Amino acid sequence: MLYFPHCAHSHLRKLSFLSPNIARLVGSKHLLKTAPFNVVALFPSSHNRKRHLPVLCSHPNGKSQNHCYLLKSNGSPYSSHAAVPRPVYINDPEVKRANLDALKRKLEEIGVKNLALATGENYRLFCPMCKRGDSEEKSFSLSIDRDGGYALWSCFRAKRGFRGGMRAFADSKSSYSTSNQHTQVKPITEVTVQSLQLEPLSNELVGYFDERQLANLLQSCIDRKTRLVGKILHAYILRNGFFTDTFLCNRLIEFYSKCNNTESAHHVFDRMPQKNIYSWNAILCAFCKAGNLDYAYELFDRMPERNAVSCNNLISALVHGGFKGKALDAYDTMISEGLIPTHFTLASVLSACGVALDVGRGRRCHGISIKIGIDMNLYVGNALLSMYAKCGLMRDAIQVFEGMGDPNEVTFTAMMAGLAHTDKVVEALEMFRLMCRKGIPLDSVSFSSILGVCARGLCGESDVYHGSEGVLCYVLGQQVHGLTIRTGFESDPHLGNSLLDMYAKRGDMDNAELIFNNLPQVSVVSWNIMIAGYGQKYQGEKALQCMHRMQYCGVEPDEVTYINTLAACIRSGDIGSGRELFDSMSCQNVSSWNTMLSGYFQNGNHKEAINLFRQMQFRKMQPDRTTLAIILSSCAALGLQEAGKQVHAASVKAAFHTDVYVASGLISMYSKCGKTGNSERIFYSLPEIDIVCWNSIISGFSANSQDKEAFILFKQMQQKGISPSQFSYSTVLSCCSKLSSSFQGRQVHAMVIKDGFMAEVFVGTSLIDMYCKCGDVDAARRFLEMMPCKNIVTWNEMIHGFAQNGRGEDAVCLYKEMIGSGVKPDDITFVAVLTACSHSGMVDAAVEIFNSMHQEYEMEPALEHYTCVIDCLSRAGRFHEAEVLIDKMPYKDDPVLWEVLLSSCRVHANVGLAERAAEELFRLDPQSSVPYVLLANLYTSSGRWDDARVVRELMSDRNVVKDPGYSWVEYQTGIQSVSMDDKINMVDDDVDERCWGS
């Protein structure tokens, strides 16, 4: 607001956002001839013939109503109605109330009191202090719009014969529309000015602005986003021929850009008679700010010349908009044109390199920063550190960190995030301690970052949760929680969600619920974290209840909510509730389909997964790489080659067949269907092969008993510079086990030690299996004692190794040692220890262990356990107990059971039971040669030659052929495979040379 004193020649005491030029205009002596008054507000005029400004004025004594004048350029009133822009109603109750209160105070200042105001009403006011010439009382019309903005009409006859009337809005709260873009007009700020003096001006100069003054006025509008006054100045420039001034046009573009009116800015740019580099930069900045990055990039290409400002604006906008590729292309253009990047340029480009994982370009930017001497800049240093951290090059990131003279909280936060991203959780925690020791100020972002590190350490691989790192992360997380309370950040909503996430990932849902109930603001993110936490604890029912409570509280679930709840149901094994939730979703996206497919796959419902995938195709839902990988795994599990081929065709149609994630699924599917040739063709057709694809093809050959080819591929992988993973070593050690090659197994063992995989439980288990199957049980036992971590599979392999090598007593002792260590046995454990008892003749121990399955561990014996006990009883000649057990057991139609019994009958010459067992085998598997050979040998050893001849003739009549036996002979330079048939044949005597080289 502009307030003037009573005297026209005194100085201004209060001045609004307008410059002294307009103050001179409205304070001219021509206007003050009428009466002393105060200027309350200025408004734009639509008159385009002369330079006019509408003014809303009031008498300084506060006794008269506001009068509306229209001033000419010389300051004298102009008798005409003037139109003003219509307000845009924003329908906000708070704005209405504030506007009405402001109007009421204004009316009270000028003597109108006790007036009940309401929006959308019209009032007629009378002022007894202001009379017409004929002594009639002057009247005013007051209109209040829907938002509380008001219009004041006045009509009177002054002593000098002036008759004026106009409609003027005195609303500092309403919003005005320009080109369909709405901006909130803020109230005018009052500024006290005590030294500004009014100087007498001639009539010719009053109200006229030159280019410099217009530029200053536009800059004032730009700084304060005063849209209305800026449009007045734009009109003034057009009327008075100043539009040819390029500098003023550039300021107009900046003004409209600041007011978020890109259309008007582009309109000014298109009609500029002359454009310079600053004009192009101004319009480029306008479109970058508006988010129209495609057109901004097009403008950048059309620019006749560019400078560093042009490139900085575009690169920064493209990086923030997620167009990292275009940002890097713009940077390359900048360098090719010889422009020198600034620290802002390099910070944006390095950020794009980090997102794109483009280490090569990032290193070149690092070199340029050193060359031009800005590598020590804090922004550049932080960007470099973040780029190296995102690319996983923590050694380079640490070097940058150590070279920074004065790191700030952004530096430490980036280091913590990078260390956590590369699974160096302990180092990230130490970085936080260093940050505290150096006295770096901690804010909510720093606390959220370190809590994220703690959460990552808690939800890492299985061993981390129970290991020392997990305990350290949880303890430090609790300490950080206390520190947030001490520093007063516990009310920050983002930090509260970080605390919630840390406790939820720890599985401490009691503390998580406590924090959740005390959150000052519960968002959809908070609910999602709680639902995910219940899912991690396999509490699907609570997750569903949490989602229902969320909806009851008026919070609308988003996609993450449904997916987290769906995953919680699936993890809890409640596939039915998960499917009900999935079917109830109004908008099923590809993530929800993948979650449901994954649930069916994890629970072994492969047919349901395939049917759901078909429904997905019928609904025209486009699968992604995860969808195809899941359904390929289901096809592989069922051995459905034809269905797998259809999925293969769908992957080709969707252009995912060359994706390494999908390709590894295709390789596994064809391998499990026995089509290793197809797997090999897909493997060698890939443009890029990662370790997962190598592991898939190696395990595929191994699963199809092509262990020699698997060895060759393992060597090729190493020759191409790809380091084996723990899965690679586990697979190749399995090949050594099947080939019974201790020589090659020891070579692989040496590689495992060299690559640092000795502590991996899967690799250690494979080593134990390899040594046991190669006959070196003592080496396997020594390695078992050296292993830092053991799981149930490790114990089972060692027990089974003792069983295979006839060391039953050692197997039983190890079984008892395992139970003493707190590990609960499973089905495979009992199979291994019962087999050991069978091979060593420990019948009583076998019966005792068999009975303990149900009595102590509440496990129902399976077919394999019955088979082991029957084998043990039969080997000991206790056929009566074996027959009793066979009659009681629920499994009688298994060929292995009768083969075991028939083999023991041959040893003990129990012909009657042997004939019964053979008859069962003839019925169950007529083409198996085992019962014919065993029964014929039994008859032969008993001297019943005629019966033996009858069995052999029956075998011949039924075209049953005995499979030849194979043996391996390992020597210093290779392995020989010996086939035992009618004659001895030696084959494959160059295996070792092809696998390992000479």
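Quick caveat: nothing in here was measured; it's all calculated off a predicted structure.
Checked by atom type and distance alone, the side chain of Ser598 never pairs as donor or acceptor with a backbone atom of Asn594 at under 3.5 Å. Remark: the backbone N or O of Val793 is paired with a side-chain donor or acceptor of Asn791 at under 3.5 angstrom. Within the 3.5 Å criterion, the main-chain N or O of Gly700 finds no donor-acceptor partner in the side chain of Ser671. The backbone N or O of Leu733 sits less than 3.5 Å from a side-chain atom of Ser737, completing a donor-acceptor pair. With hydrogens and angles ignored, the 3.5 Å screen pairs a side-chain donor or acceptor of Ser766 with a backbone N or O of Phe762. The backbone N or O of Phe727 sits nowhere less than 3.5 Å from a side-chain atom of Ser730 that would complete a donor-acceptor pair. Between the side chain of Ser702 and the main chain of Ser699, no donor-acceptor pair closer than 3.5 Å is present. Judged purely by atom type and a 3.5 angstrom limit, Asp769 has no side-chain atom pairing as donor or acceptor with the backbone of Thr765. Side chain of Ser572 to main chain of Ala568: a donor-acceptor pair is present (N/O by atom type, distance under 3.5 Å, no hydrogens or angles).
Within 6.0 Å of the CZ atom in Arg781, the count of heavy atoms belonging to other residues, nucleotides or ligands exceeds 12. Applying the 6.0 Å contact sphere to CD of Gln617 captures more than 12 heavy atoms from other residues, nucleotides or ligands. Gln615 CD: more than 12 foreign heavy atoms inside a 6.0 Å radius. Applying the 6.0 Å contact sphere to NZ of Lys790 captures more than 12 heavy atoms from other residues, nucleotides or ligands. Other residues, nucleotides and ligands contribute at most 12 non-hydrogen atoms within 6.0 Å of the CD atom of Glu848. Applying the 6.0 Å contact sphere to CD of Glu817 captures more than 12 heavy atoms from other residues, nucleotides or ligands.
Applying the ring pair (Phe, Tyr, Trp, His ring centres under 6.0 Å) rule to pairs touching residues 773-800 yields His749-Phe783, sequence neighbours excluded. Counting only residues at least two apart or in different chains, ring pair (Phe, Tyr, Trp, His ring centres under 6.0 Å) contacts with residues 843-866 comprise Phe830-Tyr857, Phe850-Tyr866.
Contact of the Leu739 side chain with the Phe711 side chain is registered, since non-hydrogen atoms from C-beta on lie closer than 4.5 Å. Thr794 has its side chain out of reach of Met798: every pair of non-hydrogen atoms, C-beta onward, lies at least 4.5 Å apart. Considering only heavy atoms from C-beta on, Pro724 stays 4.5 Å or farther from Phe757 through its side chain. Side-chain contact between Thr835 and Ile799 is absent, with no heavy atoms from C-beta onward closer than 4.5 Å. Counting only heavy atoms from C-beta outward, the side chains of Ile682 and His648 approach each other to under 4.5 Å.
If you take CZ on Arg949 and OG1 on Thr940, they are separated by 11.0 Å, rounding to the nearest 0.5 Å. Annotation: the span from Glu797 atom CD to Ile792 atom CD1 amounts to 11.0 Å, rounded to 0.5 Å. Atom OG of Ser840 is separated from atom CZ of Arg807 by 10.0 Å, given to the nearest 0.5 angstrom. Rounding to the nearest 0.5 Å places OG of Ser728 at 3.5 Å from CD1 of Ile691. Rounded to the nearest 0.5 angstrom, Arg746 CZ and Ser742 OG are separated by 5.0 Å. Atom NZ of Lys773 and atom CG of Asn805 lie 11.5 Å apart (nearest 0.5 Å).
Between Cys635 and Val647, the shortest heavy-atom contact is SG-CG2, 4.3 Å. When all heavy atoms are compared, the tightest approach of Gly764 to Met787 is CA-CE, 4.0 Å. Summarising the geometry of Ser651 relative to Leu666, their closest heavy-atom pair is OG-CD1, 4.2 Å, with the distance given to 0.1 Å. Across all their heavy atoms, Val843 and Ala876 have their closest contact at CG2-CB, 3.5 Å. Minimum interatomic distance between Phe683 and Cys693 (heavy atoms only, all atoms of both residues): CE1-O, 3.8 Å.
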Given the rule in the side chain to side chain contact (heavy atoms under 4.5 Å, CB included) test, do Cys837 and Val812 qualify, once you have shown the distances and angles that lead to the verdict? CA-CA 8 Å; Cys837 294; Val812 174; 3.8 Å; yes
Using side chain to side chain contact (heavy atoms under 4.5 Å, CB included), reason through Phe701 and Glu680 one step at a time and then give a plain yes or no. CA-CA 9 Å; Phe701 277 110; Glu680 196 170 7; 3.8 Å; yes
Pair Ile697-Ser679, side chain to side chain contact (heavy atoms under 4.5 Å, CB included): steps then yes or no: CA-CA 7 Å; Ile697 192 68; Ser679 299; 3.9 Å; yes
Before you tell me yes or no, could you show the steps for Glu883 and Arg916 under side chain to side chain contact (heavy atoms under 4.5 Å, CB included), namely the whole-Å CA-CA distance, both residues' side-chain angles and the distance that decides it to 0.1 Å? CA-CA 11 Å; Glu883 285 188 274; Arg916 177 190 172 188; 3.4 Å; yes
Evaluate the criterion salt bridge (Lys or Arg N to Asp or Glu O under 4.0 Å) for residue pair Lys816 and Asp810; output intermediate values, then yes/no. CA-CA 10 Å; Lys816 294 179 179 179; Asp810 292 333; over 6 Å; no
Output, in order, the C-alpha distance, side-chain angles, deciding distance and verdict of salt bridge (Lys or Arg N to Asp or Glu O under 4.0 Å) for Arg944 and Glu915. CA-CA 13 Å; Arg944 298 171 59 173; Glu915 290 176 345; 3.6 Å; yes
Run Arg681 and Tyr670 through side chain to side chain donor-acceptor pair (under 3.5 Å) and show every step you take. CA-CA 11 Å; Arg681 281 192 292 273; Tyr670 281 117; over 6 Å; no
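Residues passing the salt bridge (Lys or Arg N to Asp or Glu O under 4.0 Å) test with Lys672: none are found, sequence neighbours excluded. For Ser838, the side-chain hydrogen bond (donor to acceptor under 3.5 Å, both in side chains) partners at least two apart in sequence or on another chain are Asp871, Arg875. Residues passing the ring-ring contact (aromatic ring centres under 6.0 Å, His included) test with Phe613: none are found, sequence neighbours excluded.
Looking at Ser725 and Asn695, their side chains do bring a donor and an acceptor atom within 3.5 Å of each other. Side-chain contact annotation: Ser664 with Ser696, donor-acceptor N/O pair under 3.5 Å absent. Thr676 and Gln706 form a side-chain donor-acceptor contact under 3.5 Å, judged by distance and modelled atom types alone.
Less than 6.0 angstrom separates the ring centroid of Trp593 from the ring centroid of Phe582.
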Please set out all donor-acceptor pairs under 3.5 angstrom arising from side-chain atoms of residues 818-828, sequence neighbours excluded.
from, atom 1, to, atom 2, distance (Å)
Ser821, OG, Met818, O, 2.6
Asp826, OD1, Asn796, ND2, 3.2
Asp826, OD1, Ile828, N, 3.3
Asp826, OD1, Thr829, N, 2.9
Asp826, OD1, Thr829, OG1, 2.6

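Each of Cys872, Cys868, Pro861 was evaluated against Leu834; a single residue qualifies, Cys868, per the side-chain contact (heavy atoms from CB on, under 4.5 Å) test.
Taking a cutoff of 4.0 Å between a charged side-chain nitrogen and a carboxylate oxygen, Asp583 and Arg579 qualify as a salt bridge.
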